Amino acid sequence: RRAELVGKSAIEGDKMMRGRRLSDAMLMQRYKALAPEHRKMIQAMVDGINKRIDEVNADPARLTPLEFIRWGIKPTRWSLTEYLALITAAPLGRDTYEIRNLEFLKAMTARYGQEKAWAIFNDVVPISDPDSPTTIPAGDDLAPARPMPTPVLAPAQLAPHRNVASAAAQTKPTEPVKGASRCMVIGPEKSASGKVLMLEATADGPEIHLKGGGFDNTGFGSTGWGVPTMGRGAQHGWLLVSGSSEAGTTFAEKLNPGNRYEYWYKGAWKKMEHRTEAFKVKDGTPFTHEVAWTIHGPVIAWDVENGTAYSQQMGVHGRELDTWVAFAEMGRAKSLAEFREKGVDRLGWNLGACYGGEDGTIAYFEAGALPKKAAGVDPRLPTPGTGEYEWTGFLTPAEKPHMINPRQGYFMSWNSKATGWSQEGDNARIGATFRTWLGDRLAKNGQSLTLLDMREFNGKIFNALGAV
């Protein structure tokens, strides 16, 4: 509902968020599946928010936040489902390039013919670029290497009669894609104090300190979430970066010519879930917007004239609240084993978890629900949604890239590929000149480093990025 506050500039973001939003019934189903302790924590967060709102409304002249005064609105109490909707909203972007990749391939084919276009496509949009820097150095990944998918020129994905340009325009970001969080972790052998040093940048939020109930940790979190997403616990620090793993698939759904809200799936027409959302716009005209879901996920683009809708399946679907639980448990952990088993392994959202312990241990885990995709189709292009190319499962914790105490004594991640066999292409453009180059060089050459050195590194990294 940001458009109600700031106007038409927020319309596209609001439409996307409403499209992702789970129904109240589904939110409560997810909530009731949690352990009683975690349900109690979440309810306590809602109660705490409402207590403060009541305090503000009892003394509005003194306590009303400046933003509410500027927007001309009054704080209102939150329901449990409103809080659940907030914490299940991440990740916020559509996180997909497959439709735009198909648009690019079709443009190259029209200009150069299929054979040359395919060569250009594989050069510009590789499944995995061997020159891309990785968070985990060669030889340090404790997960078994997985075979890299082979480029597949599948006729079912080429869509000669679809209006791909229109679909690509519907999924185009409303703002330029920006880099998310980065972390640098220095092991004790490169530290002047013999202690682990940790740097996080490009991420911030309200500071939170939790104490009691097994908690004694502090850090910062996303506005409204209530638990630190990164910070310092009793015996460790932890940082997070947005992952670049293959955590989703865009499916091209075959629509019923007589009903746009039915699609062909495993030999039969299946009904979409759909609803009409009403929007108000500051200094603008109210409007309505159709939201639809297939078995794969929310519909993110329509090409009704050519019998196609594009929906997005994400590994986090069904595990949205697990990410909140994971954040809580990563802060409460009393050992690396607890941090991983109760926290990292619970994450549904694809994140890179950076760990530094009081005992000198440093570690990195590529986390989240990472699917095992079907063979026979190219992961860089929309996958037929008719049922033949469904996911076959998810990587287990042991199968996801991870390392403990890398031999080089440090690591840096800035939404990087995790390891050499990690894919890229449908949601990342990395390559040899990726932005981690300076941070990696500084950490590699540094000795007897201090927190002041880390601060200086941070400034140099920002300046180098701005010069590119």
Side-chain angles (χ1 to χ4, degrees), residues 91 93-102 104-105 118 121-122 125-130 132 134 141 143-159 167 171 242-254 263-266 293-301 308-319 347-352 366-402 415 417-430:
R94 286 191 170 92
D95 304 310
T96 177
Y97 278 74
E98 289 114 302
I99 301 174
R100 279 172 282 164
N101 286 346
L102 179 58
F104 172 61
L105 177 58
W118 187 240
F121 183 73
N122 285 310
V125 191
I127 289 180
S128 183
D129 187 338
S132 295
T134 60
D141 189 4
R146 296 182 62 80
M148 189 61 58
T150 303
V152 179
L153 190 59
Q157 292 182 278
L158 298 183
T171 58
S242 295
S244 295
S245 293
E246 284 286 286
T249 294
T250 297
F251 283 92
E253 313 285 8
K254 178 182 176 181
Y263 60 102
W264 190 255
Y265 183 73
K266 293 189 175 180
W293 281 59
T294 72
I295 195 170
H296 298 118
V299 173
I300 59 173
T308 305
Y310 296 90
S311 64
Q312 187 181 15
Q313 184 172 11
M314 300 183 70
V316 72
H317 289 163
R319 299 167 175 82
L347 283 167
W349 186 8
N350 175 214
L351 294 166
E366 187 75 3
L370 306 181
K372 297 178 179 179
K373 298 190 175 185
V377 287
D378 197 294
R380 298 168 294 179
L381 301 172
T383 296
T386 44
E388 299 90 344
Y389 302 104
E390 300 300 292
W391 293 350
T392 60
F394 293 88
L395 297 183
T396 66
E399 291 175 319
K400 298 172 191 176
H402 61 284
N415 321 120
K417 282 177 56 173
T419 192
W421 53 264
S422 299
Q423 297 179 45
E424 55 198 287
D426 76 327
N427 65 356
R429 302 290 188 271
I430 300 179

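Note that this is a predicted model, so its numbers are computed, not measured.
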Donor-acceptor pair, side chain of E253 and main chain of Y263, under 3.5 angstrom
no
- request: Determine, stepwise, if the pair Q312 / T171 fulfils side-chain contact (heavy atoms from CB on, under 4.5 Å).
  value: CA-CA 11 Å; Q312 187 181 15; T171 58; over 6 Å; no
Residues at least two apart in sequence or cross-chain that pass side chain to side chain contact (heavy atoms under 4.5 Å, CB included) with P151, listed by chain then number, are W118, N122, I127, D378, R380
Any side-chain heavy atom of R319 within less than 4.5 Å of one from F394?
yes
Query raised in the report: S422 versus T134: any side-chain heavy-atom pair under 4.5 Å?
Result: no
Residues E98 and G248: closest non-hydrogen pair is OE2-O, 4.2 Å
Between the CD atom in Q423 and the CG atom in D129, the distance rounded to the nearest 0.5 Å is 13.5 Å
_Student check: side-chain heavy atoms of E246 and L370 closer than 4.5 Å_ = no
OG1 (T383) and CD (Q313) are apart, to the nearest 0.5 Å, by 9.5 Å
When rounded to the nearest 0.5 Å, the distance separating OG1 of T294 from NE2 of H296 is 6.0 Å
Query raised in the report: Quick one: does T392's side chain have a donor or acceptor within less than 3.5 Å of a partner on K372's backbone?
Result: yes
- Using atom types as modelled and distance alone, determine if a side-chain donor or acceptor of K400 lies under 3.5 Å from a backbone N or O of G368. yes
Discussion item. Contact between F251 and E390 at the side-chain level, heavy atoms closer than 4.5 Å - yes or no?
Written reply: yes
Looking only at heavy atoms, the pair that brings L153 and P155 closest together is O-CD, 3.4 Å
Exercise. Please examine the side chains of P298 and H317, heavy atoms only from C-beta on, and report whether any two atoms are closer than 4.5 Å.
Key: yes
To the nearest 0.5 Å, atom OG1 of T249 lies from atom CG of L381 at 11.5 Å
- Message: Looking at D141 and H402, would you say the former's side chain and the latter's main chain have a donor-acceptor pair under 3.5 Å?
- Response: yes
Heavy-atom nearest pair, F121 first then N101, reads CE1-O, 3.5 Å
Shortest non-hydrogen pair, S245 vs E366, comes out as OG-OE2, 2.6 Å
Rounded to the nearest 0.5 Å, the CD1 atom of I300 sits from the OG1 atom of T250 at a distance of 4.5 Å
Taking every heavy atom of Q157 against every heavy atom of L102, the minimum-distance pair comes out as O-CD1, 3.6 Å
Closest heavy-atom pair, Y310 versus A167, reported as atoms and distance to 0.1 Å, is CE1-CB, 3.5 Å
